[in-house]
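So the structure is just underneath, and the comments pick up after that.
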2 protein chains.
Amino acid sequence: MSTEMADPAGAKPTLRDVALAAGVHLATASRALSDSKTRPVNPRTAALVRQAAAKLGYVPDQVARSLRTHRTPAIGVLIPDMTNPVMPPLVRGAEQVLAQHGYTTLFADTDNDQAAETQRLAMFLSWRVAGLILATARRDQPLAPELVNSGVPVVLMSRKLDATPVPSATIDESVGIAQALDHLIGLGHRRIAYLGVPLWTSAGHERLVAFREITRDRGLDLPPEFAQVCDGYSERDGEAALAALLARPDRPTAVLTGNDMMALGCYDAIRAAGLRCPADVSVVGYNDMPLTHRVDPPLTTVRVPYFDLGRQAASLLVEALDDRGSTERSVRLTPRLLVRDSTAPAPT
Amino acid sequence: MSTEMADPAGAKPTLRDVALAAGVHLATASRALSDSKTRPVNPRTAALVRQAAAKLGYVPDQVARSLRTHRTPAIGVLIPDMTNPVMPPLVRGAEQVLAQHGYTTLFADTDNDQAAETQRLAMFLSWRVAGLILATARRDQPLAPELVNSGVPVVLMSRKLDATPVPSATIDESVGIAQALDHLIGLGHRRIAYLGVPLWTSAGHERLVAFREITRDRGLDLPPEFAQVCDGYSERDGEAALAALLARPDRPTAVLTGNDMMALGCYDAIRAAGLRCPADVSVVGYNDMPLTHRVDPPLTTVRVPYFDLGRQAASLLVEALDDRGSTERSVRLTPRLLVRDSTAPAPT
DNA sequence: TTGAAAGCGGTACCAT
DNA sequence: ATGGTACCGCTTTCAA
């Protein structure tokens, strides 16, 4: 009952249509539109075909192509929660280089939920993605079995696993912590506390370990409670943790936190204790999320190159996909302390 | 030269393998694994097949399925810039309901670049996406021709077009502006300025129009310069614009901005003019981006339900895809003023 | 250089 | 309820 229309919407022209219009064989049309390098095609014929394709508005069907070639130029990207301010630049960077290399980005926000992650992973695998970029990995949790024996190349973004060596793009947390600590020590602080983010990410774990190691290296003799891990990532978590520490007679004169939100919570705890930041207590955050330069006082924090990290993660994957022989390597970027006004010389 | 392996990585089992293992015909296996509603399948047989599929770790090939069915359960989402704080919740909301309905989200960040947008669009179209969600639309720019005669359903997210009626999920900007204005008027302000975001988005345009209409309605007699549009979206844009206004003898006692960054820039202009916010000049932002509650003073701003907007945009599209007869409708959500401390009674 | 034809992994129609 | 089979749109080997 449907009327046959020439050009308009309804039925997309196929390669067959193009070949017909150009007066050549289907196979010839295919070759003309693909890599002219590998397949010999008469330039005149090729021009004819391309012309016909343009006139018909031919768009090659990637689905058909993928089925035939067994290559799906698509990469799945799994994000735990886009609301986390570190994620957008990560995704942006990754998508940028993926697109640059002709890959389509399949995106999913798992909301930190295991079931959601499994479902999205199944979708991606069903699409026969060429690779996966995971920002959802947890230290102690090995890659899903269906993932490992799917044989799909995986790159971890901003995360690592404890046991399994999987290629990853991460930052050197110890550098960030060291810079923050040395800054504070340089200001005369000796009683420095660390309020960490939860340990189920490699970043959280490494920051805590780095804090312990470096304070020891620098000869700081800290009570064990000065290095602690909070239950969550929020202002309230930071506030509660610092409040307890400030109640001690040997209260810290400076505090370093695992993220910026917790640092801002520390502002509240300091104020609640009748103290001031930075005069009485210095605060250093982590991540340099947007607007931390506008809070009161502007937050000294560790800036992490998340956009680059996203680019690197994607590059790693693309590289592995191109070269068959590329040793699966990882990359590690360096953060940098951004000194603003939440840190000051230790009170005398 | 490759060894044939039973289960391990290398070659994925196909439906044929499953059928063989289950001792049934390929077609039967297909039916057993698909909707048992439409096709009659013996429960015992179905169980056998599913068992075999599970044992082999069979994952249906979505590519093959799409080629055959001409249905690609994937939706392309085009974002102008994930760095814009309104975008993450939008994308998160959209992906969530898309996944809920079995759609894979193809994601692209166009970096506000026309060429990038064209390239990504071509990719998506080549994948034969079932639909598109665009957060990149510009008021004055009609949908790309290749898009319109591709016949792919489109939903605009947080944006609209001037001329073409395209289904969209947006917010009622006039409500947001009205609430902000009435709040200020209620505080006794009469000289209220508006510093808008650029006009190439429908939101930017509607906010400006709403400001003009509502101030007229409320009987405010404002100099035309009191309603103006800035070149960009940054703190500096807001600062510069307000600085000029504050130099006037009839300077505004309150300012409403098109986004939060510009509002924060206004803080700077006010301070630079030797005035205080909110004592001398009240400021109202727009969007309620993260941390606006922590700046000094905490910003009064219009909170926009971006997460819901993303969900609605996706719902609209899914709906249109399911029902063939769904009138292509749009949805309009309502923002709400969040009163914090950057607004105070007008100075006497 | 081009034509012919097989077939990727499924689905769905037809017959049994 | 199940088996047989054409075919979706394209790439690629093989012949001509």
Side-chain angles (χ1 to χ4, degrees), chain A residues 10-50 52-53 56-74 102 123 125-130 150, chain B residues 10-50 52-53 56-74 125-130 150:
Chain A
K12 312 208 162 312
T14 74
L15 193 54
R16 214 179 105 281
D17 301 322
V18 175
L20 232 54
V24 300
H25 190 269
L26 174 65
T28 308
S30 172
R31 285 184 286 249
L33 295 177
S34 319
D35 34 23
S36 43
K37 312 301 164 198
T38 41
R39 298 294 153 218
V41 186
N42 186 313
R44 280 230 318 282
T45 317
L48 232 62
V49 172
R50 273 194 287 269
L56 293 182
Y58 171 70
V59 176
D61 187 323
Q62 182 58 59
V63 173
R65 182 179 294 179
S66 285
L67 177 60
R68 179 57 232 236
T69 60
H70 290 270
R71 250 198 101 268
T72 300
M123 279 183 139
L125 256 23
S126 174
W127 276 113
R128 300 294 188 256
V129 291
S150 76
Chain B
K12 310 205 164 313
T14 75
L15 193 54
R16 216 179 104 281
D17 301 323
V18 175
L20 232 56
V24 299
H25 190 270
L26 173 65
T28 307
S30 173
R31 285 184 290 248
L33 296 176
S34 319
D35 33 24
S36 44
K37 312 302 165 198
T38 41
R39 298 295 151 214
V41 186
N42 185 313
R44 279 229 319 282
T45 316
L48 232 63
V49 172
R50 274 195 286 271
L56 294 182
Y58 171 70
V59 176
D61 188 322
Q62 183 57 60
V63 173
R65 181 180 295 177
S66 285
L67 176 60
R68 180 57 235 236
T69 61
H70 292 271
R71 252 197 101 267
T72 300
L125 257 23
S126 172
W127 275 112
R128 301 292 188 259
V129 291
S150 77

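The line from CD of A/Gln62 to OG1 of A/Thr69 is 7.0 Å long, rounded to the nearest 0.5 Å. Note that the CG atom of B/Leu48 and the OG1 atom of B/Thr28 stand 11.5 Å from one another [nearest 0.5 Å]. Taking CG of B/Asp61 as the reference point, atom CG of B/Leu67 lies at 10.0 Å (rounded to 0.5 Å). One finds the CZ atom of B/Arg65 at 6.5 Å from the OG atom of B/Ser34 (value rounded to the nearest 0.5 Å).
Per the geometry, NE2 belonging to A/His25 stands 12 Å off C1' belonging to D/dT11, to the nearest Å. A straight line from CG of B/Leu20 to P of C/dG9 spans 14 Å, rounded to a whole angstrom. Taking atom CG of B/Leu26 as the reference point, atom P of D/dC7 lies 17 Å away to the nearest angstrom. Remark: C1' of C/dT11 and CG of B/Leu33 are 12 Å apart, rounded to the nearest angstrom. Here D/dG4 presents its C1' atom at 15 Å from CZ of B/Arg16, a figure rounded to the nearest Å. Rounded to whole angstrom, the span from the CG atom of A/Leu15 across to the P atom of C/dC8 amounts to 20 Å.
A side-chain donor-acceptor contact under 3.5 Å links B/Thr14 to the backbone of B/Arg16. Counting only distance, with no hydrogens or angles, the side chain of B/Arg128 and the backbone of B/His70 share no donor-acceptor pair below 3.5 Å. Panel note: side chain B/Ser126, backbone A/Pro60; a donor-acceptor pair is recorded below 3.5 Å.
Base contact: A/Ser30 has a heavy atom under 4.0 Å from a base atom.
Here the side chain of A/Arg31 is nearest to one of D/dT13, C/dG10, D/dT11, namely D/dT13. For A/Tyr58, the listed nucleotide lying nearest its side chain is D/dC10; candidates were D/dT2, C/dA12, D/dC10.
In this structure, the side chains of B/Ser66 and B/Trp127 stay at 4.5 Å or more apart for every pair of heavy atoms.
Five base pairs at each end of the helix from C/dT1-D/dA16 to C/dT16-D/dA1 define two local axes, and these are offset by 40° (rounded to 10°).
A heavy-atom distance below 4.0 Å to DNA chain D is reached by these residues of residues 60-73 of chain A, ordered by number: A/Pro60, A/Asp61, A/Ala64, A/Arg65, A/Arg68, A/Thr69.
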Please lay out, stage by stage, how A/Val63 and B/Val63 fare under the test side chain to side chain contact (heavy atoms under 4.5 Å, CB included).
-> CA-CA 6 Å; A/Val63 173; B/Val63 173; 4.0 Å; yes
